[in-house]
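Working notes, beginning with the structure itself.
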Amino acid sequence: MAISNSPLLDAFTYETELALYPGQRVVASFAQRMTIGYVAKLDVEKPPFATKKISKLIDDSSYLTQEDIKTALEVCKRYLAPPGKVFDLFFPPGRLIKTERFVIPLDANIELRAPMLISKAQERVGKQKLDEMRRKGQIKVVYSYTRTEPRKNLVRKVKLVSSLAVLRDTELSEPGRRVVNTLLAADDMELSALLKLAELKSRSPIDTLQRKGVIEVFDSPGDNDSEWILKSAENLTTDQHKILSDIKSSPDRDHLIYGITGSGKTEIYFKLMDSYINRGKQALLLVPEVSLTPQLLARVRGHFPGREVRQYHSYLTQSRRQKIWLDAVEGNIDILVGTRSAVWVPMRRAGIIVVDEEHDSSFFQQTSPHYDALEVARIKGKNLGIPVIAGSATPRVKSFFEALGGSPLMHRLATRPFEAEISVEIVDMRETDGFRIISKKALAEIEQTITRKGQCFVFTQRKGFSNYVVCTTCGNVRRCDNCDVGMTFHRGTNVLKCHYCGRKSLPPSRCDRCESATLVARGFGTERVEHELRRTFPSVSMMRMDRETITNPQDYEKALRMIESGQAQIVVGTKMISKGLDFPRVDLVLVVDSDRLINIPRFDAAESAFQTLFQVAGRGSRGVGGHTVVQTFNPANRVITALEKSDYELFYNSEVSIRKELNYPPYAHIADIVVGRPDKNEAEQKAAQLAADLTTALDKEEAEVLGPVEPLISRIRKSFRQRIIVKFPSDSLMPLLRDTLKAHLPYSDVIVDGVSSLL
């Protein structure tokens, strides 16, 4: 039995007289407390030691199938993950709402004539006969639970009521002018969004404008569920038709669609999903982040009218997530669109899994239990006997390497339906006069875009106004008290914030070290870039999209609708704006700080940088004549060279040769182990012992143990850290790693083949 939320790598043997099913949830005593357990295996041999008894059942039967259990155990083995935590992933958070299951007859020729409780139906025809009816589609099993209509939340909104003629004669303060300029781009706006976009420190300017009759503040019912619909392309190109046919002819294989941005991968996904849904199957569509869900969900609704389409992610309320989960499990949902957690939903009629933007790092779970949702999808697909379709314009190096070897099958989309090309121009920042965030060349391009009524995306790697605050007298940087990092300055809220532990503080007036008042903010993020652009283009409608301004899917959808309607001409954002967005009027993209991405101290930094830059460049090439400007201090870098030529394979060939020479994935597996303790000396001692144990265990194997070393960020949340890297050639060494790590579990965390980290 696997113990829920336990960090231990073992399962435990219990005894019971209860009738159990594999995968069933039970209650049992563990470590002197009652907890949830998952039945992983039945009829095991009685061990030579005393065993505890299972106390009671949680579920009448198992929500999990044998295939689900097999997937869970393979994931545990593949990622050295605790089985209890892996089984937890199959279920939504919280205790499942109380339900009753009903059988609904769909065929007039069967002996069941009316809806009835499943227990009554089993008494009448028997469980085996009932299961046969379900397989034949003669009945449907649904959940009944008390449905409460979500309360309509009232949202405080603001709209402009004065005409432009009146505004010309109205005296406005600088904050008031920012409010008016922001509202000129929208019919109305939520008060919370207006405060952020207009960079207001308080409501005072809003109240002043309201008293003057310039604006109106009112309450409006908020939307609880979006019904945004975008029409999907109906006709496929010859290349798309060929790929569709090739995939359909190999339904028992995994596939990789490698196609440039805007080439029509999504339309192929939809046609494939269509073919399975029409046969009574369910489709699972995975996206890397919640930020991608609104627009993609709108396109799914547009292509599949009348189908049951739902979304599944962590921003949903607990009760809503549970209801969607239950409906998906019973087969009452046709298409489930979700983030990485959706890969675990045990859909009964799953027919196809699609993983969009497969390269994205958001598919990796960064907290325990660590896993890669793409690999989990492939394990799940193999066990269920269904195809997994992954797609990207910039596939992972590992995926492309494996596809060149024949598994998965690769399909290339080299052209776009509307023949728009990615045009990339490199600006050498070494040739600029003095320090500039945005070059004269880039400003000229933005001005031309605004003049022709186009839209512009401005991408920068980090959020905030300045990356750190430094004393110019002694050089001291204001650092987080919990973490070994400088705190980021946010001008709009006037706070310093640590983006690792979330700690906030007011900016100091004097240096902590020398008491000097010579403190200045250095570096820049989205907030600073937006500030500079507003100074240069004060009358242009502008929006910032980062984790400070977009805090939930509703905020994101509203922002996308503003872009779609042309209400925002300039959009400043982080990686959020690089992912899967399709707006034909965006004909200019500016990458402000490409070097930050490239120079991160990680073995896969070049891969991550190229993927991000290529993806964001693709946002500006959806219409005719799109153009991307990339600012860099190192135009000869291989990432920039490949980007300028829009050539993924040029980058891949250079990257894979370096990986081979240095024995990095895909030529080896990597276990990234971090030891953390509150005391620095203890962390060093524990890490040294773990490294020694690993070296001894792997002595006769073709493996490398590197470290321990102090990471770039040596302390996070008051925990001092040491890092060990293990490179090993094959999965056969996993048991050795597992056995060695078991003694060090209380203070170590291991990530196998995950996103390389500077942490």
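Note: hydrogens, waters and symmetry copies are ignored here, and every other heavy atom, side chains too, is used. Residue numbers start at 1 and run along the sequence shown.
Each of V458, V629, V630 was checked for a side-chain contact (heavy atoms from CB on, under 4.5 Å) with V591, and the lone residue meeting it is V630. Between V309 and the options I333, L336, V300, a side-chain contact (heavy atoms from CB on, under 4.5 Å) holds for only V300. The one candidate from V470, V469, N476 that meets the side-chain contact (heavy atoms from CB on, under 4.5 Å) condition with C511 is N476.
In this structure a side-chain-to-backbone donor-acceptor pair under 3.5 Å is present from T472 to T518. Side chain of R544 to backbone of V529: no donor-acceptor contact under 3.5 angstrom is found. Between the D356 side chain and the V287 main chain, no donor and acceptor come within less than 3.5 Å of each other. Judged purely by atom type and a 3.5 angstrom limit, R310 has no side-chain atom pairing as donor or acceptor with the backbone of I335. Panel note: side chain N494, backbone L506; no donor-acceptor pair is recorded below 3.5 Å. A donor-acceptor distance shorter than 3.5 angstrom exists from the side chain of D334 to the backbone of E308, with no hydrogens or angles considered. Between the side chain of T628 and the main chain of V424, no donor-acceptor pair closer than 3.5 Å is present.
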message: Using side-chain contact (heavy atoms from CB on, under 4.5 Å), reason through V214 and V161 one step at a time and then give a plain yes or no.
response: CA-CA 6 Å; V214 174; V161 293; 5.8 Å; no
- prompt: Would Q455 and V571 satisfy side-chain contact (heavy atoms from CB on, under 4.5 Å), going step by step from the backbone distance to the final call?
  reply: CA-CA 8 Å; Q455 290 175 295; V571 181; 5.9 Å; no
task: Kindly indicate, with the supporting measurements, whether the criterion side-chain hydrogen bond (donor to acceptor under 3.5 Å, both in side chains) is fulfilled by Q567 and S541.
output: CA-CA 7 Å; Q567 294 179 41; S541 55; over 6 Å; no
field: Worked check of salt bridge (Lys or Arg N to Asp or Glu O under 4.0 Å) between K441 and E425
entry: CA-CA 10 Å; K441 170 64 179 172; E425 180 180 0; 3.5 Å; yes
message: For V572 and F457: C-alpha separation, side-chain torsions, deciding distance, then whether side-chain contact (heavy atoms from CB on, under 4.5 Å) applies.
response: CA-CA 6 Å; V572 181; F457 277 6; over 6 Å; no
task: Kindly determine whether K497 and R503 satisfy side-chain contact (heavy atoms from CB on, under 4.5 Å), including the steps that lead there.
output: CA-CA 6 Å; K497 185 175 180 180; R503 185 178 181 275; over 6 Å; no
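Rounding to the nearest 0.5 angstrom, the gap separating the CG atom in L597 from the OG1 atom in T612 is 5.5 Å. Atoms CG and CD, on L316 and Q322 in that order, are 11.5 Å from each other to the nearest 0.5 Å. With rounding to the nearest 0.5 angstrom, the OH atom of Y269 is 8.5 Å from the CG atom of L285. In this structure, the separation between CG on D481 and SG on C498 is 9.5 Å, given to the nearest 0.5 Å. With rounding to the nearest 0.5 Å, the separation of CD in Q569 from CG in L533 is 12.5 Å. Rounded to the nearest 0.5 angstrom, T473 OG1 and E515 CD are separated by 11.5 Å.
Looking at heavy atoms from C-beta onward, I563 lies in side-chain contact with M545 at the 4.5 angstrom threshold. You'll find the side chain of S516 stays beyond 4.5 Å of the side chain of R510, heavy atoms only. In this structure the side chain of K159 reaches within 4.5 angstrom of the side chain of F218, judged on heavy atoms. Side chains of R528 and I437 form a contact here, defined as non-hydrogen atoms less than 4.5 Å apart. Contact annotation: the side chain of C483 never approaches that of K718 to less than 4.5 Å [non-hydrogen atoms, C-beta and beyond]. Residues M429 and V427 have side chains in contact (heavy-atom distance under 4.5 Å, counting atoms from C-beta outward). Looking only at side-chain heavy atoms (C-beta outward), L200 and I206 come within less than 4.5 Å of each other. When side chains are defined from C-beta on, P635 counts as touching R430, because their heavy atoms get closer than 4.5 Å.
Side chains of D546 and T574: a donor-acceptor N/O pair is absent below 3.5 angstrom, by distance only. Judged purely by distance below 3.5 Å, without hydrogens or angles, the side chains of Q365 and T367 pair a donor atom with an acceptor atom. Side-chain N/O atoms of H359 and S392 include a donor and acceptor closer than 3.5 Å. For the 3.5 Å distance criterion, the side chains of Q631 and S439 qualify, holding a donor opposite an acceptor. A side-chain donor from one of S362 and D360 sits under 3.5 Å from a side-chain acceptor of the other. Side-chain polar atoms of S204 and S202 form no donor-acceptor pair below 3.5 angstrom.
Between E532 and R535 there is a salt bridge, with a side-chain nitrogen of the basic residue lying less than 4.0 Å from a carboxylate oxygen of the acidic one.
Summarising the geometry of P93 relative to Q318, their closest heavy-atom pair is O-CG, 3.3 Å, with the distance given to 0.1 Å. The minimum heavy-atom distance linking C474 with R513 is given by the pair O-NH1, 3.6 Å. C501 and N482 get closest at one heavy-atom pair: SG-ND2, 3.6 Å.
Both the sub-6.0 Å distance and the 45° axial angle are satisfied by R321 relative to the ring of Y312. Under a cutoff of 6.0 Å and an axis angle of 45°, K575 and F459 do not form a cation-pi pair. Stacking of R596 on the aromatic ring of F633 is not recorded, the 6.0 Å distance cut-off and the 45° axial limit not both being met.
Between F270 and H303, the ring-plane angle classifies as tilted under the 30° and 60° cut-offs.
More than 12 heavy atoms of other residues, nucleotides or ligands sit less than 6.0 Å from atom NZ of K212. Counting non-hydrogen atoms of neighbouring residues, nucleotides and ligands closer than 6.0 angstrom, the CD atom of E447 reaches no more than 12 such neighbours.
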